[in-house]
Amino acid sequence: MIPRKYRLKTQKAFDATYKNRCIVSDSMLTIYAGKIKNDPLQQTRFGFVVSKKFHKRAVKRNRIRRLMRECIRLAIKDAKLGVCENYMSLILIPKEKTIGCKLCDVQKSFFKLIKRLPAAKS
RNA sequence: AGGAGCAGCCGGAUAAUCGCACAAUUUUUUGUGAGGAAAGUCCGGGCACCCAAGGGCAGACCGCCUGAUAACGUCAGGUGCGGGCGACCGUGAGGACAGUGCCACAGAAAUGAUGACUGCCGAUGAUUCCUGAUUUUUCAGCGAAAACAGGCGAUGGUGCAACGGUGAGGUAAGAGCUCACCGGCAAGGCUGAGAGGUCUUGGCCAGGUAAACCCCGGUCGGGUGCAAGGUUGACAAAAAGGUUAAGGUGACCCGCCGUCUUUUGACAAACCGCUUGAGCUUGCAGGCAACUGCAACCCCAGACAGAUGAUUAUCUUAAAACAGAACCCGGCUUAUGAGCUGCUCCUUUUU
RNA sequence: GCGGACGUAAUUCAGUGGUAGAAUGCAACCUUCCCAAGGUUGACGUCGCGAGUUCGAGUCUCGUCGUCCGCU
């Protein structure tokens, strides 16, 4: 798990992120990015969404969510976030192909997608 | 040795690094941290709030007996029936003379058999013929014909099922008409706590279906579900639009308050309920058992975008199946890898 | 967390316990100079799955799987 200050909490925060309509995706993940930060001291927050349509069983859904969390945690720890720090929030959504894959696969996909995010203006 | 039946166990382990939730310490440490099904939500409760004076009807559910339990559609032990050579398994198992419905096709007929149709018979009565006696009339015949009256319920091979079955006697033909055995029913005796078991006697009336309606007996206040419900605080935000229903103002309409919807502001709450319980483990006692009583010991997840993960190494046959708590219990059902243990049965071989 | 409905032909649906049907679509033929429309014929079904009741289940009972919807 990642500490509380890095988590997205309320339904409204999620809605606000979706509304920004800044999306990148590949065969593994889809990432929604929120607004550009005004206050640089504010932490970037992360949300993870795994719907029931992804897989019927709770164990499989928990597994992929934990992998995504681990990926983000390691990224924060090693300070590899890069462009992400400019955004207020990020939401990660897995795709059906992600079932059964390992941590390194998720990490590879995540860092690839980060590079494609539009860089912050000013 | 092979093949079966039943009951049960296990549900990865160790180490290192990084990391999460809660609690206690106190300022960085320590402790604890998913399951046998946590699942499906199929039953039964606890708990909470709302409604309800009490009872009946209706309704829903249940249905061999006895016991267990807070309760149950659950469990235990037994009875009957069915299956299996057997160990053992399954069982939704009250009532079909209270009534109603249904039983396709086939078949004479599927349930008022006062017995239609198809049949069998010619004992009995009548008719005709023949023979004999009387001599026309009439009478008689172990005589014949036909099947009119009548007798009979065996024959009809269709069906899942035909108002008991098989065999013998019996008769004009037949028939529980009589007898033996089998099956079913009723009454009585003995036996068991009861379902029932068993023996004797009797007479032959009884199609199936109630997981069809129904009858009988039993149980049940209704609803909503911890997002129940309660406590404390904050904002008592702004704009736009609507006002069907309920409330206030008003005689009424409009309007206003209120209320609803949308948008924008990323701050928009915290606590209790929330885990000590029909609790776990061990021992003793009662009981065939389910289970119950007593004593000791233990505290064993409690989140709120929601905790057990990741990587590496070693081991186990192998980086292991089904699968993740959300108020809590008792069951049921379903899913499940590799293996292990105990008891029992059958077959074959050897001694 | 709680509750409801539905699974039948390629598709949309019927179907009082007794032979599984309709419409559309598909294929072939007829009609037309050709196409459409029309007509004739045909192929299409583990009635979601597994047990039970019954002489006999698409239908009745139980379990199970899947899909959809609602409330909070």
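On a predicted model such as this, the values are computed, not experimentally measured, just so you know. First the proteins, then the strands, lettered A, B, ... as listed; each starts at 1.
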**Report entry** 5′-ward residue of the pair A/C104/A/G47 relative to RNA chain B
**Finding:** A/G47
Query - Whole-Å distance separating the CZ atom of A/R73 from the C1' atom of B/U308 - result: 14 Å
**Report entry** Spacing of A/R69 atom CZ and A/R66 atom CZ [to the nearest 0.5 Å]
**Finding:** 7.5 Å
Report task. Quote, to the nearest angstrom, the C1' distance that separates B/U344 from B/A37. Result -> 29 Å
**Report entry** base_contact_polar (B/C20 base, A/R69 side chain, donor-acceptor, <3.5 Å)
**Finding:** no
Query raised in the report: In the strands shown, is B/U249 matched to any nucleotide by a Watson-Crick or G-U wobble pair with both distances under 3.5 Å, and which?
Result: B/G255
Query - Nucleotide opposite B/U209 in a Watson-Crick or G-U pair, distances under 3.5 Å - result: B/G101
Query raised in the report: Does B/G90 have a Watson-Crick or wobble mate here (both distances under 3.5 Å), and if so which one?
Result: B/C81
Report task. Based on the glycosidic angle (syn within 90° of 0, else anti), state the conformation of B/G112. Result -> syn
Query raised in the report: When rounded to the nearest Å, what value does the distance between C1' atoms of B/C294 and B/A301 take?
Result: 32 Å
Report task. May I ask which nucleotide in the shown strands pairs with B/C152, Watson-Crick or G-U wobble, both distances under 3.5 Å? Result -> B/G119
**Report entry** Distance in angstrom units between A/L74 CG and B/G19 P, rounded
**Finding:** 10 Å
Requested in this report: If the glycosidic angle is within 90 degrees of 0 it's syn, otherwise anti, so just tell me which one B/A319 is.
Outcome: syn
Under 3.5 Å, which N/O atoms of the protein pair with N/O atoms of nucleotides 334-338 of chain B?
none

Report task. Measure from CG on A/L67 to C1' on B/C20 and round the result to the nearest Å. Result -> 15 Å
Report task. In whole angstrom, give me the gap between the C1' atoms of B/G59 and B/C204. Result -> 46 Å
Report task. Provide the Watson-Crick or G-U wobble partner of B/C300, both distances under 3.5 Å; none if there is no partner. Result -> none
Query - Residues forming a side chain to side chain donor-acceptor pair (under 3.5 Å) with A/R65, sequence neighbours excluded - result: A/N62
Query - Separation between the C1' atoms of B/U333 and B/G157, rounded to whole Å - result: 49 Å
Query raised in the report: In the strands shown, is B/G63 matched to any nucleotide by a Watson-Crick or G-U wobble pair with both distances under 3.5 Å, and which?
Result: B/C216
Report summary line: Secondary structure of RNA chain C per the Watson-Crick/G-U criterion (both distances under 3.5 Å; [ ] crossing, | other strand, . unpaired) is ((((((((.[[[[.)..(..]]]].(((((.......))))).....[[[[[..)....]]]]]))))))).
Report task. Write down the distance between CD1 (A/I93) and P (B/A305), rounded to a whole number of angstrom. Result -> 18 Å
Query raised in the report: Can you tell me how far P in B/C43 sits from the matching atom in B/A290, rounded to whole Å?
Result: 29 Å
Query raised in the report: Taking C-beta and beyond as the side chain, do A/I64 and A/F48 meet within less than 4.5 Å on heavy atoms?
Result: no
Query raised in the report: Given the C1' atoms of B/C329 and B/C226, what is the spacing between them in whole Å?
Result: 15 Å
Requested in this report: Could you work out the separation of B/A70 and B/C280 based on their P atoms and round it to a whole Å?
Outcome: 14 Å
Query raised in the report: Where does B/A34 fall, syn or anti, if syn means a chi angle no more than 90° from 0?
Result: syn
Query raised in the report: If pairing requires Watson-Crick or G-U wobble contacts with both distances under 3.5 Å, which nucleotide is the partner of B/A144?
Result: B/U128
Query raised in the report: In whole angstrom, what separates A/R65's CZ from B/U308's P?
Result: 10 Å
Query - Any strand: nucleotide that pairs with B/G188 via Watson-Crick or wobble, under 3.5 Å - result: B/C199
Query raised in the report: When you compare B/A21 with B/G279, how far apart are their C1' atoms, in angstrom units rounded to a whole number?
Result: 24 Å
Just the table, please: protein N/O against nucleotides 321-324 of chain B N/O, every pair under 3.5 Å.
residue	atom	partner	partner atom	Å
B/G324	OP2	A/A58	N	3.2
B/G324	OP2	A/V59	N	3.4
B/G324	N7	A/N62	ND2	3.3
B/G324	O6	A/R66	NH1	3.1

Report summary line: Here the distance between atom C1' of B/A305 and atom CG of A/L92, to the nearest Å, is 14 Å
Query - Value rounded to 0.5 Å, distance of CD1 in A/I31 from OG in A/S109 - result: 7.0 Å
Requested in this report: Classify the glycosidic conformation of B/G258 as syn or anti, calling it syn when the angle lies within 90° of 0.
Outcome: anti
Query raised in the report: Is B/C300 in the syn or the anti form, by the rule that syn lies within 90° of 0?
Result: syn
Query - Atom-pair distance (CZ on A/R61; C1' on B/G306), nearest Å - result: 13 Å
